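The structure follows.
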Protein chains: 2
Amino acid sequence: MATTPADPDRPERTQPRTASDAVVAHLEELIFDGSYAAGDSLPSEAELAIQLKVSRLTVREGVRSLAARGLVEVSHGRRPVVTATNATQLRDFFSSSVRRDAGGLLELLEVRLAIEVHAAELAARNATPPQIDSLAADLQAMTDATDEETFTAADMRFHHGITEASGNRMISLLVEGMADPLRVGRLKSLHGYLQGTPDLGDLLDEHRLILEKITARDAAGAARAMRKHLATTRRDLLRSFG
Amino acid sequence: MATTPADPDRPERTQPRTASDAVVAHLEELIFDGSYAAGDSLPSEAELAIQLKVSRLTVREGVRSLAARGLVEVSHGRRPVVTATNATQLRDFFSSSVRRDAGGLLELLEVRLAIEVHAAELAARNATPPQIDSLAADLQAMTDATDEETFTAADMRFHHGITEASGNRMISLLVEGMADPLRVGRLKSLHGYLQGTPDLGDLLDEHRLILEKITARDAAGAARAMRKHLATTRRDLLRSFG
DNA sequence: TCGTGCCAACTCGTCAGATGAGTTCAGGCT
DNA sequence: AGCCTGAACTCATCTGACGAGTTGGCACGA
């Protein structure tokens, strides 16, 4: 019984069981159909309570659910604000998964590899000149970095820049969501580097090669270079655990 | 200001702003450190309220947040139950994204391609004999299918089976999360097939090739076959929109 | 003794009313 | 004009209460 085969009866969509679920469904509808765009304020809790004929408390629960799912943002004294699609939900999922099972870190790395390799491929095809310039700047920052914090920051900007250059926002969001859980591992790995084999040069060369291939619009080459780079990263991460 | 550069002050982790955030943090802690495993029941709202010295209402909001994030499940009359890591949160994110921007569907398809190609590669390396048998059975079911519903169901089982055979649960969860939003598109595409070019044979052949490569432990070949298959899928999807 | 049905205790779902605290903006004072 | 202040909103939380679904044990009958 791994997957749910075929529930005979499930009027989920049509008939929310609880009143607060109905609130959630209602607000979702308003957001999804564009009645409220990103940045807009929702009606106040009191107003919604009147409109939907439930108590303010019930509205609060619904809004709270949406907030937990990253669809809206609430802050004291202000009305709830609809947020743009963002990576908080993904970040939350990935970090939860890893916190509950440390083994998930390697699996996550594997996924990142798959996605970023593809991103590099797409970037080679779709990157705009300004995006390429930006990548070059990040690379330069990595080269010039004297402390590992600056280095790592530039490194992450570089990778993030590639996902953006891929032109696929879903990829950007996914990689962004994975960044947090992976950062821990990355720092450890870097430490291993700086103490053991302080060969940051290799890392830089790998980045350079990726950028080169993207600039040359060589999709297959970019994918290959990225794959190689991430294989290195994974190896270092594994080593830092042994 | 795309990325948040460096907030000078952010005592987030250490000091939840609101009481209900504190409840969330507390319960998260209990779940993540293993005090409550999947399947366990949390204390009742009333009990938690006493323990944490807040009102039951505040506890409810916290629990509600966790429920929205898929960490626990609540049902009327029963205490909240901790859920195993599952794809609901991902499903929720992907379907939200697509509902808010239909263009995301193609982006999602692109991501699925990247991940499933990698999954096929891993599956060729890691699949166990029973898993391969299961894949063969799904393929047979597709061959025997007379109506498209059965066909699609077997198709999805086949793909799901490959992600499972990859041995990477994160991949399984991601693909599972994407399935729902993509199903709509897939059905449309199949319709196009059945009415226009009813060449289901090609589809079957592609699946057959993938399984063949996996059975032969040919990782690169499996990846290639999967890539080709998904390219076909994408083409059909695009066609069904034109 | 064993099975069955019913009731009491638990627990979640929702409501009403009330207080405190953060935000915003329009006026009024300097 | 610029700054200050206070009223109006709005979210955050609490207390107390009632209804409805779930569960386990106890009494009753076979």
Side-chain angles (χ1 to χ4, degrees), chain A residues 7 9-28 30-31 36 38-83 88, chain B residues 7 9-12 14-28 30-31 36 39-83 88:
Chain A
D7 269 320
D9 53 338
R10 47 167 185 175
E12 297 157 26
R13 289 276 166 208
T14 56
Q15 196 77 20
R17 336 200 148 295
T18 72
S20 51
D21 281 348
V23 173
V24 170
H26 178 78
L27 293 178
E28 266 182 351
L30 290 179
I31 293 174
Y36 291 91
D40 291 354
S41 289
L42 254 44
S44 72
E45 293 175 355
E47 248 174 279
L48 286 171
I50 296 171
Q51 284 177 25
L52 303 180
K53 290 199 258 286
V54 295
S55 85
R56 193 168 79 87
L57 169 58
T58 306
V59 171
R60 269 185 71 72
E61 278 188 17
V63 173
R64 192 86 194 158
S65 284
L66 293 181
R69 288 168 39 193
L71 279 179
V72 303
E73 242 173 19
V74 294
S75 43
H76 196 155
R78 294 182 206 167
R79 312 211 301 220
V81 175
V82 178
T83 61
T88 61
Chain B
D7 268 321
D9 53 338
R10 47 166 186 174
E12 297 157 26
T14 56
Q15 196 80 17
R17 335 200 149 296
T18 72
S20 51
D21 280 349
V23 173
V24 170
H26 178 78
L27 293 179
E28 265 181 351
L30 290 179
I31 294 174
Y36 290 92
D40 291 354
S41 289
L42 254 44
S44 73
E45 294 175 356
E47 249 175 279
L48 286 170
I50 296 172
Q51 284 176 26
L52 303 180
K53 291 199 257 286
V54 294
S55 83
R56 186 167 82 92
L57 171 57
T58 306
V59 171
R60 270 186 70 72
E61 277 188 18
V63 173
R64 189 90 192 154
S65 283
L66 294 181
R69 288 168 40 192
L71 278 179
V72 303
E73 241 173 20
V74 293
S75 43
H76 195 156
R78 295 182 205 168
R79 312 211 301 219
V81 175
V82 178
T83 61
T88 62

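Since we're looking at a predicted model, the values are computed, not measured. Proteins come first, then strands; the chains are lettered A, B, ... in the order of their sequence lines, and each starts at number 1. Quick note: numbers below take in every heavy atom, side chains included, and nothing from hydrogens, waters or symmetry partners.
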Residue list, side-chain hydrogen bond (donor to acceptor under 3.5 Å, both in side chains) with A/Ser41, at least two apart or on another chain: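 With sequence neighbours excluded, A/Ser41 shows a side-chain hydrogen bond (donor to acceptor under 3.5 Å, both in side chains) to no residue whatsoever.
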
Which residues share a side-chain hydrogen bond (donor to acceptor under 3.5 Å, both in side chains) with A/Thr88, sequence neighbours left out: A/Asn86

With sequence neighbours excluded, residues passing side-chain hydrogen bond (donor to acceptor under 3.5 Å, both in side chains) with A/Ser20: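 For A/Ser20, the residues satisfying side-chain hydrogen bond (donor to acceptor under 3.5 Å, both in side chains) (neighbours in sequence not counted) are A/Thr18, B/Arg64.
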
Selection residues 72-83 of chain B - residue pairs positive for salt bridge (charged side-chain N to carboxylate O under 4.0 Å, His left out), sequence neighbours left out: none

Nearest-Å distance for atom pair CD/C1', residues A/Glu73 and D/dC11: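 Computing the A/Glu73:CD to D/dC11:C1' distance gives 15 Å.
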
Base versus backbone protein contacts along nucleotides 9-17 of chain C [heavy-atom cut-off under 4.0 Å; B, S, -]: --BBBBBS-

B/Leu52: side-chain contact (heavy atoms from CB on, under 4.5 Å) partners, not counting sequence neighbours: B/Val23, B/His26, B/Val54

